[in-house]
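A short write-up of the structure that comes next.
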Protein chains: 2
Amino acid sequence: MRIGELSRRTGVPTRMLRYYEEQDLLHPERTGNGYRVYGEPAVYRVQQIRGLLDSGLTTEIIRRILPFLNKPDEIHLHPECLTPETAALLRGEAERIQQRIDCLARNRDAIHAYLAVVQPGAPPGPPTGQT
Amino acid sequence: MRIGELSRRTGVPTRMLRYYEEQDLLHPERTGNGYRVYGEPAVYRVQQIRGLLDSGLTTEIIRRILPFLNKPDEIHLHPECLTPETAALLRGEAERIQQRIDCLARNRDAIHAYLAVVQPGAPPGPPTGQT
DNA sequence: TGAAACGTTCACATCAATGTGAAGGCAACT
DNA sequence: AGTTGCCTTCACATTGATGTGAACGTTTCA
């Protein structure tokens, strides 16, 4: 698919898709006339990038860990490609990610606890409780 | 304590502490000569702000949810203070936070799965495994 | 008293992510 | 052929979070 369709399917402006490519996060093919062409997996990949950016990771970090973030059933990188430095980087980032998770979970719980106190009877789950 | 000590104890530059105040996230007292004076709870509050900022929340969002993020044992806001709009905001933000958590957890797991495949024998936990 | 360490405000600079628009080529359909 | 819509690159602007420094008052301590 071309950039427009990818944009529509992900909700990410084309400007950003080009930016992510410039940042080495996406690597679309090109047709004869220079148009970018993306494969189907690009949709998930873009969503993944967006989620990580939204969670405070920088494009630089994402670029470095993205190659290792695929499903284990499609591990294409041979272990030889993993230098000790890279392993340390991955462990370090996993830890920083965990810290974010802890912080977010703490505050999510605090919000739910507050709502539970002032509005007993509304479950903390998906139901928005409009009615 | 004054701004310098708070900075030392949190690792956050004084510049940022002043900025957070400008953004209405901190509200220190002032001494006669204009010096900011922070209470002990400010330490935790600054760490909380940092964690949330680091996790992708903006100062604007933090400002709006911060009053509700304290321990339930010190709930000072009467339920009357909670308008339906505020409740909806809180639920919405809790959901956005949950999405971040899910995304981060997914990718943390992917990193651990990768490490487990290429380096069997190293636990995914805290031990950095330098030796 | 004078230096050192701290505080204040104000202002300008940077950096990453994103918005926006110009100028032009390509594709499809009427 | 012309119009409409998508694509290209280039470039400048904005926004939020930070860095940095000037100019100046305060506290502390030798």
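The sequence lines fix the lettering, A, B, ..., with proteins before strands; numbering per chain opens at 1. All values below were derived from every heavy atom in this structure, side-chain atoms included, with hydrogens, water molecules and symmetry-related copies excluded.
- Atom C1' of nucleotide C:dA5 and atom OH of B:Y35 are separated by 10 Å, given to the nearest angstrom.
- Side-chain N/O atoms of A:T83 and A:E85 include a donor and acceptor closer than 3.5 Å.
- Each of A:Y35 and A:Y19 belongs to its own hydrophobic cluster when Ile, Leu, Val, Met, Phe, Trp and Tyr are linked at side-chain heavy-atom distances under 4.5 angstrom.
- Taking atom CD1 of residue B:I62 and atom C1' of nucleotide D:dA17, one finds them 11 Å apart after rounding to whole Å.
- At the phosphate of C:dA17, neither OP1 nor OP2 sits under 4.0 Å from any side-chain N or O atom of A:R50.
- When A:Q99, A:R106, A:Q98 are each tested for a side-chain hydrogen bond (donor to acceptor under 3.5 Å, both in side chains) with A:D102, only one passes: A:Q98.
- If you take CG of B:L25 and P of D:dA17, they are 9 Å apart, rounded to a whole angstrom.
- When rounded to the nearest whole Å, the span between CD of B:E60 and P of D:dG16 equals 9 Å.
- Rounding to whole angstrom units, CG of residue B:L6 and P of C:dC6 are separated by 14 Å.
- Between the side chains of B:R63 and B:Y20, no donor-acceptor pair of N or O atoms lies under 3.5 Å.
- Counting only heavy atoms from C-beta on, B:R36 has its side chain closest to C:dT8 among C:dC26, D:dT9, C:dT8.
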Worksheet entry | Stepwise salt bridge (Lys or Arg N to Asp or Glu O under 4.0 Å) test for A:R64 and A:E60 | CA-CA 6 Å; A:R64 293 163 86 166; A:E60 200 224 337; 2.8 Å; yes
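- Under the 4.5 Å side-chain criterion, counting only non-hydrogen atoms from C-beta, A:I3 is in contact with A:Y38.
- You'll find that the side chain of B:R30 is closest to C:dT8, out of D:dT26, C:dT18, C:dT8.
- Residue-to-nucleotide proximity on DNA chain D shows that, of A:G4 and B:L53, the 5′-proximal contact is made by A:G4.
- Within residues 8-24 of chain B, the residues approaching DNA chain D are B:P13, B:R15, B:M16, B:Y19, B:Y20, by heavy-atom distance under 4.0 Å.
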